[in-house]
Amino acid sequence: MIDKTYQPAEVETRIYAEWEQAGAFRAGTPERAAAAPYSIVIPPPNVTGSLHMGHALNNTLQDILARFERMRGRDVLWQPGTDHAGIATQMVVERQLMERQEPGRREMGRAKFLERVWAWKAESGGTITRQLKRLGASCDWSRERFTMDEGLSRAVLKVFVALYNEGLIYKDKRLVNWDPKLLTAISDLEVQQVEVRGHLWHIKYPIEGSDEFITVATTRPETMLGDVAVAVHPENEKLKHLIGRKAVLPLVGKLIPIIGDDYADPEKGTGAVKITPAHDFNDFEVGKRHGLTPVSVLTIEAKLTLTDNSFHSNLQRSPDLEETLKMEGMDRFAARKMIVSRLEEKGLLDKIEPHTHVVPHGDRSNVVIEPYLTDQWYVDAKTLAQPALKAVREGKTTFVPKNWEKTYFEWMENIQPWCISRQLWWGHQIPAWYGPGEKRFVAETEAEACAQALKFYRTAPMEDGKPYAPNLREVGIDAVMPALSSAIREEITGLSIKRDEDVLDTWFSSALWPFSTLGWPDDTREVARFYPTSALVTGFDIIFFWVARMMMMGLHFRKEVPFRDVYIHRLVRDEKGAKMSKSKGNVIDPLGIIDEYGADALRFTLAREAAQGHDIRLSPQSVENNRNFATKLWNAARFVEFNGAGRVAGFNPNGARETLNRWIAHETAKATREVTEAIEQYRFNEAAAAAYRFVWNVYCDWYVELSKPLLTGPDGPAKDETRATAAWALDEILKLLHPFMPFITEELWRVTAETGPRRDSLLVLAPWPKHDGLDDPDAEAEIGWFIDLVTAIRSVRVEMNVPGNALLNLEMINPSNETLERAQRWDEVGAFNRLARIAGTTTVRAASKGSIQLVVSNSTFALPLFGVIDVEAERVRLEKEMQKAEADIKRVDQKLGNPNFVANAPEEIIEGEKEKREEAEGRRRKIVEALDRLKSAQ
RNA sequence: GGGCGCGUAGCUCAGCGGAAGAGCACUACCUUGACAUGGUAGGGGUCACAGGUUCGAUCCCUGUCGCGCCCA
């Protein structure tokens, strides 16, 4: 028995458990050994994360694909997992320590701290996974992975060492984006350019040996202490004469050269810029071009470091310099204020302009990023990008929508070295060890690094010419190389190697996700079967972070693209189109929505709105509407049940005799094609719309209504057939909707199995419909005719204010045989009565007096409404219709009268136009007749 | 500055060379045995603007004006 109302909360939990119990989401089962594989890797959410609307959309779309392909018989692997989110997770645990007033991470030390992080992960790391299950995600949870787990860590080590040995990973001292709050380097992509209203300070630098000044404009006066030059454009007419002279750096007294460089834009500011290579990316390049040594004046915490700094070692001590050195340890923003005010005091501040410019901010810490000169590890992204570019150009991987390929190309073509080291503890520690003399050993294990060190130091002579006597005791040489002879043991006393403290960017491990999750570097069945994956579903904001890097790593290590299709979806916004954000307070919590309306309603809403290339505006109202759709489906199923329309074993609608049943079979086949094709093309909104239309506007509005006379009529073959067809079509509906609304459809699949033949499987594993030979143009034409006629009658009834319960006669004026037959068929079963409140049909030669006449499909009908109708109003109504018909005829005539049209337009279009004309002309004729009758009837 | 995209019904958006569509909202009527989380009917659009290509343009091209987003 189907309950009166659908209770999502209760059903969803139960159904999900059933799926898991049945192992329905498992990939690689023996039953599907012969099936074609279909695989998707989940974009791993942060282990710290909880489900937001973006996840809800992303995973709904993946689940639609996974369920669709599973039903199509493929061996589906939807690979789940989470990433370790280096900075985010470390921050979470550090915050927790602070809240509990426990010792901070530095006090407790690395090992202890990492224990705490793992403990946190064990406790809270499963949140988002549980939430994905509530959404209905059909991932193979038995294969869940984590970027820090053993296998994936092994993959990271292997990749790092391999790339290092190939020269594609290297260590370099250059400017990086430094986060002075988190005290780590970050990659370009983790930097947000934020437009801020700042100032442009114009500072006068005295020119050596004159009373002239050169005025530089800067947004960062505090970095001037690290200036090494002033640059002007070599063709700057006003200033180029100063090139080659020297300026006196205010507050320091150092002489710095005035150089000519294109970088100084004559139009900008004063045309002269200070050059501070240690604190600005552009200046760094200028410095390099002119052989200037960078002067760094900031600490890792972005505080001034001056006293122990070489830039003033050769300078004469002046009161100014002394005063400056007193600023030691001052924060960068305080320093800015003080420097500005000191310059002002000295009359060296020419002016201050308001100035809007972009300032880099850390996307995690939200503090201003410092370009900072340090040693970091880099990936030679440019080299790795080449095959990745080629693969997309050659169509081995396709972006959907296609225009994202342009974004991908543009970024890949201008790709910069990727800084992968992070000064954090939580993450994959870089497998590099350093021995005496800063010699580096990169290896997958410490043992190997030791071996390398041993080899190196045993053969490398030291400064004094003697062989170095290494000592590996500290790193456990006994465990590492137990077979060492005592002679070597003797020899190696004194050497120790120390591991690089830094960890890798989380995205480094994420880049391996499509194959590391499948067991690589081991040679697993999974890698062979499921790589390359079939599709990747993700947001555009992550193309650079993730998609591009997976392409690079996948191609380098597997020699094959990681995925065939990349479907890029857009953002979910609030109903006003604003980005959801905690600070704005407009966040819609998907779990709250699921609680209130059910997961299916949320999923269907997201799918219906997920048009390619458009952000989604989500309102609770729209979710409610789709919840109503679920209710509609539920009630249709109840109708079928009430009417004894049970499933019949082996029923094939192909053999249906009733027009109505042949029609719904035809429509089912049509809807199935539409949904299938749309999902195949990632047109989720079209697929959902087609299903919606079919269920509501075809099955419920017309099929169910028209089946009522048959189902409530006398027993017999027609009734039996209709029952069987109604149940059959409902089954097909459940299948078509299952990828979108898995819970309610599975529940109905279960309840409708209580009677009739046994189900072979859960719906989740049922075969996707594929219909041949159900197309029936005759049935379509007849039901179309019926719908048009009923709609016309209803329309007139409302227009004429006929009371709802009043029964009318339907007169057919000189009907064709076809019309007569059709009308009789539907009248006999009482369809006109039920759907249009028609008592009966009669054939007449002319409409009776005072009747309303309807022209439908070139037949004229009349509704006798003697005394009810206003003849004048009716004349106006008919004339309006006539005008419409005439306008149609005129439009077609214009086309057909145009010789160019007839000469150029394709045959079928011309035929179509001619048919249209015929139809309109027939309609016009009938209306003229109707008008005549109206007049004569008066 | 470079790139991508968007201006279609009151709102949110499909459609993108052959007679303007959906959902919601709105109006009127309807407690009919699946469903008021419903039914029936209806109103509402020079498809941003200006040119061009075409037999034919909401759709293709060019420009203008608005509005987003990404990258410098």
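Lettering follows sequence order; numbering is per chain, from 1.
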- Measure distances between side-chain N and O atoms of Glu705(A) and base N and O atoms of rA34(B), and say whether any donor-acceptor pair falls under 3.5 Å.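 Yes, the side chain and the base share a sub-3.5 Å donor-acceptor pair.
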- Query: When you compare rG17(B) with rC70(B), how far apart are their P atoms, in angstrom units rounded to a whole number?
  - Reply: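 Taking atom P in both rG17(B) and rC70(B), they lie 30 Å apart.
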- Any cation-pi pair here, Arg647(A) with Trp728(A), using under 6.0 Å and within 45°?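 The answer is no; the distance or angle limit is not met.
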- Message: Looking at Phe540(A), I'd like to know if the NZ or CZ of Arg570(A) sits under 6.0 Å from its six-membered ring centre while staying within 45 degrees of the ring's axis.
- Response: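 Geometry flag: set, cation within 6.0 Å and 45°.
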Side chain of [X], heavy atoms from C-beta onward: which of [options] has the nearest atom to it?
X         : options                   : result
Arg794(A) : rA41(B), rU37(B), rA25(B) : rA41(B)
Lys916(A) : rG18(B), rC69(B), rA41(B) : rG18(B)
Asn898(A) : rG18(B), rC35(B), rC55(B) : rC55(B)
Glu913(A) : rA19(B), rC13(B), rG23(B) : rA19(B)
Lys632(A) : rC69(B), rA34(B), rA22(B) : rA34(B)

Using a 4.0 Å heavy-atom cut-off across all strands, classify [X] as base, sugar-phosphate, or nothing.
X         : result
Asp888(A) : base
Pro899(A) : nothing
Arg891(A) : base
Arg627(A) : base
Thr407(A) : nothing

